[in-house]
Number of protein chains: 2
Amino acid sequence: MFQTSNALRRSVHSQVTDRVGSSIVRGEIGVGETLPPEMQICEMMDVSRTVVREAIRTLTGKGLIESRPKSGTRVRPPEQWNQLDPDVLRWHLETAEIDRYLAKLFQLRSAVEPAAAALAATHAGEDDIARIRAGCDGMDAAKTNEDFVAADIAFHQAIYFATRNEFFWPIAQMFEITLRQSFTIAAPGSHRPRALREHRAVLDAIVAGDAEAAREATVVLLAHSADDLVRIRGREFETASERDKRKR
Amino acid sequence: MFQTSNALRRSVHSQVTDRVGSSIVRGEIGVGETLPPEMQICEMMDVSRTVVREAIRTLTGKGLIESRPKSGTRVRPPEQWNQLDPDVLRWHLETAEIDRYLAKLFQLRSAVEPAAAALAATHAGEDDIARIRAGCDGMDAAKTNEDFVAADIAFHQAIYFATRNEFFWPIAQMFEITLRQSFTIAAPGSHRPRALREHRAVLDAIVAGDAEAAREATVVLLAHSADDLVRIRGREFETASERDKRKR
DNA sequence: CGCATTTCATTTATCATACATTATGACAAA
DNA sequence: TTTGTCATAATGTATGATAAATGAAATGCG
């Protein structure tokens, strides 16, 4: 019940991983530069070599660094980072340029989610559909904005799972982080009826097994979702067609 | 349990990571089950506890496992794995069901790459375009199938980078692994003229800054690429529309 | 001087051991 | 049944020692 915030009681090596990883992602240690030697990091953070080494292994596993004897531990070019790794993502979103990153994540989502819905229409099982429907119903029944957003997230995640393609799942994870971040400040209360209708349209298409309808319904949904994001976070989220509209 | 592989000059902890990670991905240690205790793994593989712990950290970072004192180290549900992590991907492709996984990866690629090309059309810089063109030229000049495939990979990767959106890059990485695997046995020599023409079409659309043309050209390219895959690897790669065609 | 070779020092890689921390399961007490 | 205590087993952390690798300086030689 009284679940303590695990931010305070996280293991030491996680904290070190966070500090080092974060400082790499925010560019404090430029690409190609070397981290301080193990021993030095130990002193700086007042932890044992065990902890530092394990943190370095974790970061190596995420593609952020590589280490060789004598030459030290260097930061690899960002092209080789596992940018969709939840931790890397989090470190990105901690920076000052949140909106830039949220916009980029939305670009990826716009690419993937219509296809995911189409796949869901042809691959979803009973349980998948039940989860998607539960998301819709949850949005319907939501009293608070928090409940609404939570149900919204559940709905979209269920679609990714319904593809029965595990390589779509990390995108869903990414998307959860994104959406949660997007609406921490303001939540889209006004367009709820329309949003609900559009979510139902996706659900219906999937239930009917109509891949094309599911894809198109999702495109519509995402377009309006982009509108909300523009309203809430700013113009970074505009699509090309919207920019055109505004210019006229 | 931990099947030995013939790793040659890789570090010890990488080997241990591979053996444990691989056996998890191939399902030898079911979801929710616990790994043998650290000390036991040490004995089984004849390595120090340091190495085992670092391997476990790496796998934890990839979302495969989580460990708590006393209760042990458990395998997390696959929904939480970083499925697009290069190592996880590799462990998947080591299984007997390669074609299944290649097909799923191709589904993701089909979703992402048209959007990537569209973004490239509006975001690519001079250097990006140069790299894409170099890919085309390389395919043109290729004498061997290896050269051809290498240039092909370079071409597609360049498109992902040209999006200027780092969250598309991991997909490019994934795609490299995929394509290399796909054509290890047979290479598509016959359709080279057509393939070249279609690649040029994508390039031209990007140079012209025409996002829609780039998207459509990529869709065409991928459709024919799927044909090749069906020819080489089997029917798992058929798209829905192709299945329809065959049924008639 | 130019070039190959050797030596050396620095840093990571691995090993071994000890101790700390934490959660589980058993058992006792209320 | 509930609650509390405790032993225990597993991971978490710390430390010192040694091995291996490698970049750079020193050396030797033509």
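The chains referred to below are lettered A, B, ... by the order of the sequence lines, with proteins before strands, and numbering in each begins at 1.
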Considering only NZ, NE, NH1 and NH2 on the basic side and carboxylate oxygens on the acidic side, decide whether Glu54(B) and Arg53(A) come within less than 4.0 Å.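 Looking at Arg53(A) together with Glu54(B), the answer is yes, because their closest N to O distance falls below 4.0 Å.
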
Does Asp85(B) come within less than 4.0 Å of Arg90(B), counting only side-chain N to carboxylate O? no

Chain A footprint on DNA chain D, 5' to 3' - any atom under 4.0 Å from a heavy atom: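 Using the under 4.0 Å cut-off, the span is dT13(D) to dG23(D).
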
Taking the nucleotide of DNA chain D with the closest heavy atom to each, which residue, Ser14(A) or Gly72(B), is nearer the 5' end? Gly72(B)

Along DNA chain D (nearest heavy atom to each residue), the more 5'-positioned of Arg68(A) and Thr50(A):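 On the 5' side of the pair lies Thr50(A).
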
Could you state the atom-to-atom distance from [atom1] of [X] to [atom2] of [N] in whole Å?
| X | N | atom1 | atom2 | value |
| --- | --- | --- | --- | --- |
| Glu54(A) | dT14(C) | CD | P | 13 Å |
| Arg53(A) | dA16(C) | CZ | P | 15 Å |
| Lys70(A) | dT10(C) | NZ | P | 7 Å |
| Arg49(B) | dT14(C) | CZ | P | 16 Å |
| Gln15(B) | dA13(C) | CD | P | 14 Å |

Mark yes or no for a side-chain to base donor-acceptor pair under 3.5 Å between Arg74(A) and dT11(C), with no hydrogen or angle criteria applied. no

Are His92(B) and Phe167(A) close enough that their ring centers fall under 6.0 Å? yes

Considering only dT14(C), dC15(C), dT11(C), which nucleotide approaches the side chain of Pro69(A) most closely?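 Nucleotide nearest to Pro69(A)'s side chain: dT11(C).
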
Could you identify which residues of residues 35-45 of chain A place a heavy atom less than 4.0 Å from some atom of DNA chain D, listed by residue number, or say none?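 None, since no heavy atom is under 4.0 Å.
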
Residue Glu33(B) excluded, over 12 heavy atoms near CD under 6.0 Å: yes

Once salt bridge (Lys or Arg N to Asp or Glu O under 4.0 Å) is applied, what residue pairs with a partner in residues 153-178 of chain B remain, sequence neighbours excluded?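 Found Lys104(A)-Glu166(B), Asp127(B)-Arg164(B), Asp128(B)-Arg164(B), Glu176(B)-Arg180(B).
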
I'd like to know if the side chain of [X] pairs up with that of [Y] as donor and acceptor (distance under 3.5 Å, no hydrogens or angles considered).
| X | Y | value |
| --- | --- | --- |
| Ser11(A) | Ser14(A) | yes |
| Tyr160(B) | Gln173(B) | no |
| Ser22(A) | Arg26(A) | yes |

Between His199(B) and Asp152(B), is the side chain to side chain donor-acceptor pair (under 3.5 Å) condition met? List the steps. CA-CA 9 Å; His199(B) 279 72; Asp152(B) 193 17; 2.9 Å; yes

